[in-house]
Amino acid sequence: MGKRNGAGSLLSPQNLQWVCVIASAVLIIANGTSIQKSFIVPLFILQAPEEIFNWIKGENGVWAVFLALAFKLFYIFPKELELPLYAMLFVIASPQQVVKLRGTQTGSVISLLIAGFLAFQHFSGIGFGNLLKGFQPGSLLATVGVIGITLAPLMLLIGSKL
């Protein structure tokens, strides 16, 4: 059995990007954490898979954001949907210098720093003396999300150095 690599590998860059995006979405909706959820937006921009990024920057994403902003202007907009809306706005408005960081070692380092900060916030909110609280039902989902957003850029960084 040879070593698997490419898109079929479990630890391929594309799969790790999906792990990070799913973990980010989990953190956006999760309760039981004291993280500043606005830090998830730049992490999303740096780690979103190419398919999601291109969809948001394309015609369909622009229309989705336009309709969401129009709805927000005239009606009460659910608070849970504001952060995904802002993430989409940031992707659409992101300058080329930021887009070029995606998939690079520099982008992985920045993502890892953001994820480390969010992990620090999460675990300090739980209390470092009692880390087992992070694995109780009230905060388990947030803990898994924090682990996901931390491990994905770390594995991308390690994989890019091999």
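To the nearest 0.5 angstrom, Leu16 atom CG is 11.5 Å from Leu157 atom CG. Remark: Gln96 CD to Leu101 CG distance equals 10.5 Å, nearest 0.5 Å. Taking OG from Ser38 and CD1 from Ile28, the interatomic distance works out to 10.5 Å, rounded to the nearest 0.5 Å. Once rounded to the nearest 0.5 Å, the distance linking CG of Leu118 with CG of Leu113 reads 11.0 Å. Summarising the geometry, atom CG belonging to Leu43 is positioned 10.0 Å from atom CG belonging to Leu112; distances are rounded to the nearest 0.5 Å. Met88 contributes atom CE, which lies 9.5 Å from atom CG of Leu69 (distance to the nearest 0.5 angstrom).
Residues forming a side chain to side chain contact (heavy atoms under 4.5 Å, CB included) with Lys37 (at least two apart in sequence, or on another chain): Thr33, Ile35, Ile40, Leu83. Under the ring pair (Phe, Tyr, Trp, His ring centres under 6.0 Å) criterion, Phe39 pairs with Phe117, sequence neighbours left out. Residues satisfying the ring pair (Phe, Tyr, Trp, His ring centres under 6.0 Å) test with Tyr86, not counting sequence neighbours, are none. The ring pair (Phe, Tyr, Trp, His ring centres under 6.0 Å) check on Phe74 picks up nothing, with sequence neighbours excluded.
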Taking only distance into account, with no hydrogens and no angle test, what donor-acceptor pairs under 3.5 Å do side-chain atoms of residues 44-54 form with protein atoms, sequence neighbours excluded?
unit_1 : atom_1 : unit_2 : atom_2 : d
Gln47  : NE2    : Ser111 : OG     : 2.8
Glu50  : OE1    : Arg102 : NH2    : 3.4
Glu51  : OE2    : Gln14  : NE2    : 2.7
Asn54  : ND2    : Glu50  : O      : 3.3

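Under the 4.5 angstrom side-chain criterion for Ile, Leu, Val, Met, Phe, Trp and Tyr, the cluster partners of Trp63 are Phe66, Leu67.
Around the NZ atom of Lys72, the shell of radius 6.0 Å holds more than 12 heavy atoms that belong to other residues, nucleotides or ligands. Within a 6.0 Å sphere centred on CG of Leu73, heavy atoms belonging to other residues, nucleotides or ligands number more than 12.
Across all non-hydrogen atoms, the minimal contact from Gly61 to Ile92 is O-CD1, 4.0 Å. When all heavy atoms of Ala23 and Ile149 are compared, the closest pair comes out as CB-CG2, 3.6 Å. The nearest pair of heavy atoms linking Gln36 to Gln121 is N-OE1, 2.9 Å. Here the closest non-hydrogen pair linking Ala87 and Val41 is CA-CG1, 3.8 Å.
Between Phe123 and Val146, the closest side-chain pair of non-hydrogen atoms falls below 4.5 Å. Side-chain contact between Val19 and Leu151: absent, with no pair of heavy atoms (C-beta onward) separated by less than 4.5 Å.
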